[in-house]
Amino acid sequence: MTVFTVALVLVVAAAGLLRWRRPAWYWLTFGVVLAALRVAFRYASVMDACGLTVPPSRWRLALARVANRPVPESRAPRILRLRPTRTGLVLRLKLRPGQDAFDVSAATDRLRHSFGMYGVTSRELRSGVVELRMTGYDVLQRVQMPAMVDRSPMRIPVALREDGAIHYRDYRTVPHGLTLGATESGKSVYQRNLVAGLAAHDVALVGIDCKQGVELFPLARRFSALADNPDTALELLEALVSHMQDVYQLIRAQQRISVNVPDAEIAADIWDLPADIRPVPVVVLVDEVAELALFATKDEENRRDRIITALVRLAQLGRASGIYLEICGQRFGSELGKGITMLRAQLTGRTAHRVNDEASANMAFGDIAPDAVLAAIQIPTETPGIAVTGDSSGGWARIRAPHTSLRQAVNICNRHADRTPDLPALAAFRPAVAPLPSARVPLSKTAPATA
């Protein structure tokens, strides 16, 4: 009995220590079993207390009266599947007649308390089927990306969502994106993760960093073109517009429109072209858009108008030619001048880190997801990297990118430097970098010569 008691105390102490210092390990060892048992035993009573049950149907009441049996109880949504994950539980429910997915979404906070979970989110999979994703601990406190991720072309895992799922930046689905955030909000780390993820893909990276290149030029070995001042940025953007027109001429020549060709084989963008002639896609990263929009003289105003016009043209027409925009800034409002709101309307993907005022959050989500504005202004200062992401569908979520130092991002870009494509239209803007030192050590049986 003494040995059993000592062992039990050690197990409880180990569980408490893991829960305090390593919540992810605690969840995988103890938490997932305890949470699954809580859900299994409390499910019916919790659903009834949260108002997620429906009264028995008339035929069940009639059958009970005929058989002289007690009145049947109210029924909760039927559990289709309960699946444990590395961060929580996934509960798939089949709604009863008369229930709505909004009822489950409105009760997520009460379900979180009742089941003893850290967070609960819901989404409707199809008509009558709702999925509850429950997290057992704060997955955004110490972000650990899973080893197995979907690495499809132009689909980059960049952050972890608050429900434990991976947040992808999918350029085929959401071509252009806007990232906002105040100083020291984690915007640069998010951008590094994006560049590090794109480095391993067959894509051309084009950077515009008007802070004299301090953010993007250390990654220059993986960039096909870079600009570090507004004058060079204008020339680079106009060269990209010219490149876009050349790609459209190629698509037009390769559309293969004839009587005998089915509609499914007619090319309308670069992804419909054969792989041997398909132009390489281009991702344009603008580090601080305000530096391109501000001006002090008449000449700078003319340059600014040409820059914004080129960006708007790329945002409106660039998707089919394989040109995608990733624009970052601290603010992105109408005070930056004409054409800014037109450009913002083309940027479907929105990500907002901590902002200094509600107006900045409205710039990101006011026109697509008003509910996300409040979440964006509530991001605390002591947790850099946490952001709110949304798109034109109205949905939004809290995310956090894993911390990637500039040294780590540089190493990844250097490792994939051989993937950097040469674009003739952008050859003048190719950064001049020294060749990488060879990692090979010459093998020789003779001793080195001494002076």
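Only a predicted model underlies this, so the values are computations on that prediction, with no experimental measurement involved.
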CZ (Arg161) with more than 12 external heavy atoms under 6.0 Å: yes

Nearest heavy-atom approach of Ala199 to Ile412 is CB-CG2, 4.2 Å

Check for a donor-acceptor pair, side chain of Lys187 on one end and backbone N or O of Gly181 on the other, with a separation under 3.5 Å. yes

Quick check on the 6.0 Å ring-centre criterion: do Tyr137 and Tyr118 meet it? no

Taking all non-hydrogen atoms of both residues, which atom of Val46 and which atom of Phe115 are closest, and how far apart? CG1-CZ, 3.8 Å

Does Ser152 reach the main-chain N or O of Arg155 with its side chain, forming a donor-acceptor pair under 3.5 Å? no

What I want to check is whether the side chains of Asp357 and Ser360 have a donor and an acceptor closer together than 3.5 Å. yes

Is the shortest side-chain N to carboxylate O distance from Arg304 to Glu301 below 4.0 Å? no

List the steps, then state whether salt bridge (charged side-chain N to carboxylate O under 4.0 Å, His left out) holds for Glu326 with Arg169. CA-CA 10 Å; Glu326 197 70 42; Arg169 181 68 177 90; 3.0 Å; yes

With the side chain counted from C-beta on, respond yes when Thr135 and Met117 share a heavy-atom pair under 4.5 Å apart, and no when they do not. no

Derivation of the side chain to side chain contact (heavy atoms under 4.5 Å, CB included) call for Met244 and Leu314: CA-CA 8 Å; Met244 176 182 67; Leu314 291 173; 4.2 Å; yes

CZ of Arg42 to OG of Ser114, rounded to nearest 0.5 Å, is 8.0 Å

Tyr324 vs Pro281 side-chain heavy atoms within contact, under 4.5 Å: yes

With side chains defined as the heavy atoms from C-beta onward, is the minimum distance between Ile340 and Lys338 less than 4.5 Å? no

Passes side chain to side chain contact (heavy atoms under 4.5 Å, CB included), Ile386 versus Ile399? Steps please. CA-CA 6 Å; Ile386 291 183; Ile399 64 171; over 6 Å; no

Heavy-atom closest contact (Val203 atom, Val280 atom, distance): CA-CG2, 3.8 Å

Any non-hydrogen side-chain atom of Leu311 less than 4.5 Å from a side-chain atom of Gln346? no

Under 3.5 Å donor-acceptor, Arg313 side chain and Gly318 backbone: no

Taking Asp228 for the side chain and Lys211 for the main chain, is one N or O donor matched with an acceptor at less than 3.5 Å? no

When rounded to the nearest 0.5 angstrom, what distance separates CD1 in Ile307 from CG in Asn302? 11.0 Å

Side-chain donor or acceptor of Arg192 paired with backbone N/O of Ala409 under 3.5 Å: no

Partner of Phe429 under side-chain contact (heavy atoms from CB on, under 4.5 Å), picked from Ile208, Leu240, Leu423, Thr232, is Thr232

Between OG1 of Thr121 and CG of Asp109, what distance do you get to the nearest 0.5 Å? 12.0 Å

Any Leu426 side-chain heavy atom under 4.5 Å of Leu236 side chain: yes

Shortest non-hydrogen contact between Val289 and Arg331, atoms and distance: CG1-O, 4.3 Å

Decide whether Arg407 and Asn411 meet the rule of one side-chain donor and one side-chain acceptor closer than 3.5 Å. yes

Residue Met145 excluded, over 12 heavy atoms near CE under 6.0 Å: yes

For the pair Leu93 and Tyr43, evaluate side chain to side chain contact (heavy atoms under 4.5 Å, CB included) and give the outcome as yes or no after the intermediate values. CA-CA 12 Å; Leu93 306 177; Tyr43 178 75; 3.5 Å; yes

Arg38 charged N/C atom sitting above Phe41 aromatic ring, 6.0 Å / 45°: no

Minimum heavy-atom separation for Gly164 to Val139, with atom names? N-CG2, 4.2 Å

If you define the side chain from C-beta out and look only at heavy atoms, does anything of Ser188 sit under 4.5 Å from Leu406? no

Just wondering, more than 12 heavy atoms not from Gln141 lying within 6.0 Å of its CD? no

Please examine the side chains of Arg96 and Arg78, heavy atoms only from C-beta on, and report whether any two atoms are closer than 4.5 Å. yes

So Asp209 and Leu285, side chain to side chain contact (heavy atoms under 4.5 Å, CB included) or not? Walk me through it. CA-CA 8 Å; Asp209 182 6; Leu285 296 106; over 6 Å; no

Do you know the tightest heavy-atom contact between Arg306 and Glu238? NH2-OE2, 2.7 Å

Report the distance from atom CZ of Arg221 to atom CG of Asn414, rounding to the nearest 0.5 Å. 5.0 Å

Working to the nearest 0.5 Å, report the span between CD of Gln245 and OG of Ser321. 10.0 Å

Under a 4.0 Å threshold between the charged nitrogen and the carboxylate oxygen, would Glu162 count as salt-bridged to Arg400? no

Apply side chain to side chain donor-acceptor pair (under 3.5 Å) to the pair Asp48 and Ser45, showing each step before the final yes or no. CA-CA 5 Å; Asp48 185 50; Ser45 60; over 6 Å; no

Within the distance-only criterion (no hydrogens, no angle test), does the side chain of Asn193 pair as donor or acceptor with the backbone N or O of Pro402 below 3.5 angstrom? yes

Side chains of Cys210 and Asn229, heavy atoms from C-beta outward: is any pair under 4.5 Å? no

Within the distance-only criterion (no hydrogens, no angle test), does the side chain of Gln254 pair as donor or acceptor with the backbone N or O of Ile251 below 3.5 angstrom? no

Please report the interatomic distance CG(Leu250) to CD1(Ile270), rounded to the nearest 0.5 Å. 10.0 Å

Donor-acceptor contact below 3.5 Å, side chain Gln99 vs main chain Leu52: yes

Identified salt bridge (Lys or Arg N to Asp or Glu O under 4.0 Å) partner of Asp163 from the options Arg398, Arg123, Arg133: Arg133

CD (Glu184) with more than 12 external heavy atoms under 6.0 Å: no

On the ring face of Phe332, is Arg344 found with NZ or CZ under 6.0 Å from the centre and within 45° of the axis? no

Between the side chain of Thr173 and the main-chain N/O of Asp170, is any donor-acceptor distance below 3.5 Å? no

Are any side-chain N or O atoms of His176 and backbone N or O atoms of Leu325, one a donor and one an acceptor, separated by less than 3.5 Å? yes

